[in-house]
Amino acid sequence: MRIDIHDVGHGHCAVVTAPDGTRLMIDCGSDPVRGWWPSIHYWRQHIDVLVLQNLDEDHVTDLTDMWRHVSIGAIVTNPTITAQALSTMKRDRGMGTGVRFAHTLIEASQPGLVHGQLPLSDAGGVNASVMWNRYGVDFADTNNLSIATFVEYGPFVALFTGDLEKKGWQALLTNPSFASKLRRVTVRVASHHGRENGCCVEAFGFMRPDIVI
């Protein structure tokens, strides 16, 4: 298995390539300053699953061109965020190009848009699963509605959590399944770009990662 965490400045884009060639992309942020876009790097290639962890612009900057120029098997978003919910959350700050396109996809429910399911099981030994907080029940902000994505390959377990903040972590920790999975995490990709508010001390009562990226 190979994991590429691309440098997109303030944003996120990572790609997991399984031994059988299956690809999981986590977010599709880009870096226009350096001239790097996932839609160009993976031009005309196939991504089996694209997880949009967080529906903020820096995580979906290149979504429109990814849809146009890259073959995507499925797109996963937080299933509790409807098009109306996304509009409500973005009412004050507005939508960038990527978020507007995500809104269009969610509203249209076009083929390939999968809500809350991750069709990546035993891809050459790699398995992936997702968990989330609920819009309108747990939170009403995009950060704490970020999808937590577990990528497992034998004893290796990587955890990506988007822009999840402390309160979002604490809410997920009440889910026994989430807490159980944390105990196996060996690599954690820091939440919210490494900001202090993305760190939850309580979570380290469950997980002991070998490294935090």
Side-chain angles (χ1 to χ4, degrees), residues 1-78 81 83 86 90 94-130 142 146-153 156 158-163 187 189-190 193 213:
M1 181 181 70
R2 175 188 174 102
I3 298 179
D4 292 288
I5 298 179
H6 296 292
D7 180 4
V8 294
H10 182 75
H12 188 258
C13 180
V15 173
V16 178
T17 305
D20 67 355
T22 299
R23 280 177 174 167
L24 165 69
M25 179 178 284
I26 303 172
D27 295 327
C28 54
S30 62
D31 186 358
V33 175
R34 287 196 310 117
W36 193 92
W37 291 267
S39 61
I40 294 177
H41 191 81
Y42 296 96
W43 181 270
R44 302 300 185 194
Q45 297 182 45
H46 182 69
I47 298 294
D48 294 271
V49 182
L50 169 59
V51 176
L52 302 180
Q53 287 192 117
N54 181 5
L55 294 175
D56 282 337
E57 188 64 23
D58 56 330
H59 292 255
V60 297
T61 313
D62 202 28
L63 180 59
T64 304
D65 283 339
M66 281 291 297
W67 184 264
R68 290 173 178 167
H69 304 303
V70 177
S71 168
I72 302 175
I75 298 179
V76 177
T77 63
N78 184 322
I81 302 177
L86 185 55
K90 297 297 181 180
M95 295 185 185
T97 303
V99 174
R100 280 199 304 271
F101 194 69
H103 180 274
T104 298
L105 291 178
I106 294 171
E107 188 174 45
S109 295
Q110 295 185 26
L113 182 64
V114 179
H115 285 304
Q117 300 175 30
L118 192 56
L120 186 58
S121 178
D122 196 22
V126 175
N127 294 277
S129 58
V130 293
T142 54
S146 293
I147 288 178
T149 307
F150 293 88
V151 177
E152 304 177 46
Y153 185 51
F156 175 91
L159 173 60
F160 301 79
T161 51
D163 283 355
V187 175
V189 179
H193 314 284
I213 299 173

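For this chain, numbers begin at 1 and follow the sequence in order.
No donor-acceptor pair under 3.5 Å is formed between the side chain of Asp62 and the backbone N or O of Trp37. Checked by atom type and distance alone, the side chain of Asp4 never pairs as donor or acceptor with a backbone atom of Ala14 at under 3.5 Å. Using a distance-only test at 3.5 Å, with no hydrogens or angles considered, a donor-acceptor pair links the side chain of Arg34 to the main chain of Asp7. Ser146 contributes a side-chain N or O that, together with a main-chain N or O of Asp163, makes up a donor-acceptor pair within less than 3.5 Å.
Between Tyr153 and Val16 there is no side-chain heavy-atom pair separated by less than 4.5 Å.
Using bins of under 30°, 30° to 60° and over 60° for the plane-to-plane angle, the ring pair Trp36/His41 lands in the tilted bin.
The distance from the CD1 atom of Ile26 to the CZ atom of Phe160 is 4.0 Å, given to the nearest 0.5 Å. Atom CG in Asp31 sits 12.0 Å away from atom CG in Asp58 (nearest 0.5 Å). Note that CG of Asp27 and CE of Met66 are 11.0 Å apart. Values are rounded to the nearest 0.5 Å. Taken from OG1 in Thr142 to CG in Asn78, the straight-line distance is 10.5 Å, to the nearest 0.5 Å. Considering CG of Leu24 and OG1 of Thr22, their distance stands at 10.0 Å, rounded to 0.5 Å. Within the model, atoms CG of Leu86 and OG1 of Thr77 stand 9.5 Å from one another, a figure rounded to the nearest 0.5 Å.
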> Are Ile3 and Phe156 close enough, and set up right, to give a side chain to side chain contact (heavy atoms under 4.5 Å, CB included), and what steps lead you there?
Replying inline: CA-CA 12 Å; Ile3 298 179; Phe156 175 91; 3.9 Å; yes

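Contact between Ala148 and Thr161 at its shortest, heavy atoms only, is CB-CG2, 4.0 Å.
Asn54 and His12 are not linked by any side-chain donor-acceptor pair at a separation below 3.5 angstrom, with hydrogens and angles left out of the test.
Every residue meeting the salt bridge (Lys or Arg N to Asp or Glu O under 4.0 Å) condition with Arg68, not counting sequence neighbours, appears here in chain and number order: Asp65. Residues meeting the salt bridge (Lys or Arg N to Asp or Glu O under 4.0 Å) test with Glu57, sequence neighbours left out: none.
Open room surrounds CZ on Arg2; 12 or fewer heavy atoms of other groups in view lie less than 6.0 Å from it.
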